[in-house]
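Note that the numbering runs from 1 along the sequence shown for the chain. Atoms within each ligand, like the ligands themselves, are counted from 1 in listed order.
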Amino acid sequence: MIDIDDIKLLKLKAIDFNEPSTNAKKLERDFLYYLCNHLGHFTNCSKYSLYEAMALVIRDRIMGNWHRTWDTYRRNKVRRASYLSLEFLIGRSLGNHVLNLDLRDNIDQAIQDFCFKLEGIEQQEHDAGLGNGGLGRLAACFMDSCAALQLPVIGFGLRYEYGIFRQQLEHGYQIEEPDHWLREGNPWEIKRSELSQVIHFGGRTETVTDEQGRTVKKWVDTQDILAIPYDVPVSGYQNDTVNTLRLWRAAATDEFSLEEFNAGDYAEAVEQKNHAEAITMVLYPNDTSENGKELRLRQQYFLASASLKDIQRSWKETSSNGMTDFAEGNIFQLNDTHPSIAVAELMRILIDENGMQWDQAWDITTSCMAYTNHTLLPEALEKWPVFLFERLLPRVLEIIYKINSQMLREISQRWPGDAERMKRMSLVEEGAVRQVRMAHLAIAGSFSVNGVAHLHSELLKDGLFRDFYELWPEKFNNKTNGVTPRRWIAHANPLMSSLISQHIGENWLRDLRQIDALKKFSDPSEKKFHDTWYEVKHQNKERLARLVEQQCGIVFNPHSMFDVQVKRIHEYKRQLLNVLHVIHLYNRIKAGHVENWTNRCVLIGGKAAPGYSRAKMIIKLINNVSSVINEDPDIGDLLKLTFLPNFSVSAMEIIAPGTDLSEQISTAGKEASGTGNMKFMMNGALTIGTYDGANIEILDAVGKNNFFLFGHRVEDLAAMKEHYNPQSIIDGDEDLRKVMNLLESGHFNIDEPGIFNDLIDTLKDRHDPWFTLADFRDYIDTQQRAADCYRDRQQWIKMSIMNTACCGMFSSDRTIEEYNNDIWKLDQIKPGPINPTTAEPSR
Ligand code: 26Q
């Protein structure tokens, strides 16, 4: 054991320990130190080692502020928020920290004698692909904004060994490959074994009498799994704050069970270890719900329980009243229903582990839980079979039942005799397989329920959650999504960023509203600015063209209009509509109708859930159409189409700045918000989009003259539903008829007859929920308007500048300020110097 005085001395010395300098000479020395001494390279080394050494150099410069930030939060006993999410789609970190620490110039100088550049080193980093798409990336943008705003927010997630699969193409079909992103280690994470928690599964409940003669429940005979935290720093933008993302890894409670080992059952012991570790082995690759997988429920409970226990531990270290005032100091934001089991788990902790009475525990729980919904698709609402709960989490299920009976009583008092309503609202869906409805649990247990764009939040109130809105209207609110301008403008688009800063100063990166000042440069009289804007876009297009050529072997001419749709592949996002338009353009070229033509390069990218076969066929169709078009000598530069494999955060950093036209063409009322739409507009792309999600707010911000709006609205589609007749639309539209005829003729699948029949059938189905053909005509006409507009270069540049100039409200800083003002109510706080008399080793 270490003597406590030794620790104190260590503490004092550690505080005294000098922060490494950021001058170029010292950076160079440290870099060489890590490369040679730490990593052991003398004569040769891999490019990856250069990255690793540089990451360690940067990490050293984050450490002091990380420590100070923790210490400040602790010492001031600040109220904190925990962002609970099964996904954090972080991408790469090196460039982001370099920006936040303002080290780029010094590093460039430090390595100027060597034959590599920082940019090349950055590209060695594996993306941390711990998410599927929008929801996971949103969590990462939020963490960035919380640090930028100096808010005491901690992210809790899972440290998946395998992130989102790597997508490859074989004969145009998606193939999934495991993404072992941790294979070469992760220089950003710090393992904190001393803060491990034990998580219970299985077993049964017992009713016993405690010392005070009260009847209480005990959860016994559990199988326990260890949750080990790995901390990842989240640096604030040039402000000294370094927040924490805490990712849990599952491990067997003992490396090997000694008992089994001694009994000679070595294999059994290994199996138990594997069984435990399976919990954080892999991210589920669905962006809509795939219900009922036991391992997924284990993941959800593991995250919720470990995070709550961790917060309880740190709370008790500074609170004198135990858990009674827990809600004053803590708030949990639930990123969709995925972690919503936290509602029941907090109840369990308060009642079973702290001896609290039900009513007091419920008051506390419902004062510190807040739920964000991210979907309007009813089929995507999470449900879990009751039998799974019984087997895996018997005590948690009892608590859910009690929450339910309490809620049903409240409903029956408000609407006596309304059995239908009770049935609709119950936390448990009756049927052949009884199921727990996680959204209902989340709403019942939270004081705040929000959607992620204005329209989405309204539709939740009149549709999906109408009954709950009638019961608890005060809970419902909107928080329109945003994205971080540090990653999505400054880091992704350095050329545009410095152009902006030259004209309006640098403060826009801290307060994106200030980018408004760019509006005055949209006037064509600002000729020089316009020319430079065009030149910057052109260079970004060349960079994107290089990526496309490298990845797809297709040459994009940067003088063409770059028309891009990148996002998860899903029917509601209507990549099919995009393909129909491309086929229409192909038909026009083949028929010689190329008057007033605009050359166009269409790029589509995104992953399909491995079990979503129709989405995978959409990828196949894109690839087949692409082959036909790109190989046809008649087509040439007039039209290109290609599918970019393995779309990712780091790919988007190249794609958004190089895009002219952003495709946001979901069926109205289906895309909760969208966030790619914001990244594109910030980077000066124009949007062709439907009246859906945050598109509407983008349209409001830029005005209808700077946005290509098309398609039916939610209410139009609702009215059309009963008499929707795709065949009559085909019959009445010559262009569409030609497109469908070509598709049906097998022109794009000569060697594979019939493979697209299912896709064709869905388009022609009177019950097609995505109404693809209903929007065809308006889409084609609007695309033509966009194409015409593109040929008027002056006009296009003006609109492009306006899009960037109007992006102010789409910063995730604005979103987080709203979360904080309306829900979290945290004080901003700057990290102060460490006080050795109060500093403790614990975090
Ligand atoms: C569910 C059950 C089992 C396994 C996985 C899942 C699962 C995983 C991820 C369900 C859904 C997701 C992700 C959803 C998502 O990304 N939604 C998007 O969230 C964005 C941020 O709010 C919005 O902008 C998008 O509109 C919304 O589609």
Those residues that, when tested against Thr782, pass side-chain contact (heavy atoms from CB on, under 4.5 Å) (two or more places apart):
Ile688, Phe708, Phe710, Asp778, Arg785
Report, as yes or no, whether the 6.0 Å neighbourhood of atom NE2 on His126 holds more than 12 heavy atoms from other residues, nucleotides or ligands.
yes
So does Glu671 pair up with Arg574, basic N to acidic O under 4.0 Å?
no
Asp144/Arg487 salt bridge by N-O under 4.0 Å criterion
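No, no charged N to carboxylate O under 4.0 Å.
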Over 60° means perpendicular and under 30° means parallel, so classify the ring planes of Phe201 and Tyr301, tilted if in between.
perpendicular
For Tyr230 versus Arg249, what's the shortest heavy-atom pair and its separation?
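Heavy-atom minimum between the residues: OH-NE, 2.9 Å.
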Exercise answer, ligand 1 polar atom pairs (N/O) under 3.5 angstrom:
unit_1	atom_1	unit_2	atom_2	d
ligand 1	16 (O)	Leu135	N	2.9
ligand 1	22 (O)	His374	ND1	2.6
ligand 1	22 (O)	Asn481	OD1	2.8
ligand 1	24 (O)	Gly674	N	2.8
ligand 1	26 (O)	Glu671	OE1	2.6
ligand 1	26 (O)	Ala672	N	3.3
ligand 1	26 (O)	Ser673	N	3.0
ligand 1	26 (O)	Gly674	N	3.1
ligand 1	28 (O)	Tyr572	OH	3.3
ligand 1	28 (O)	Glu671	OE1	3.1

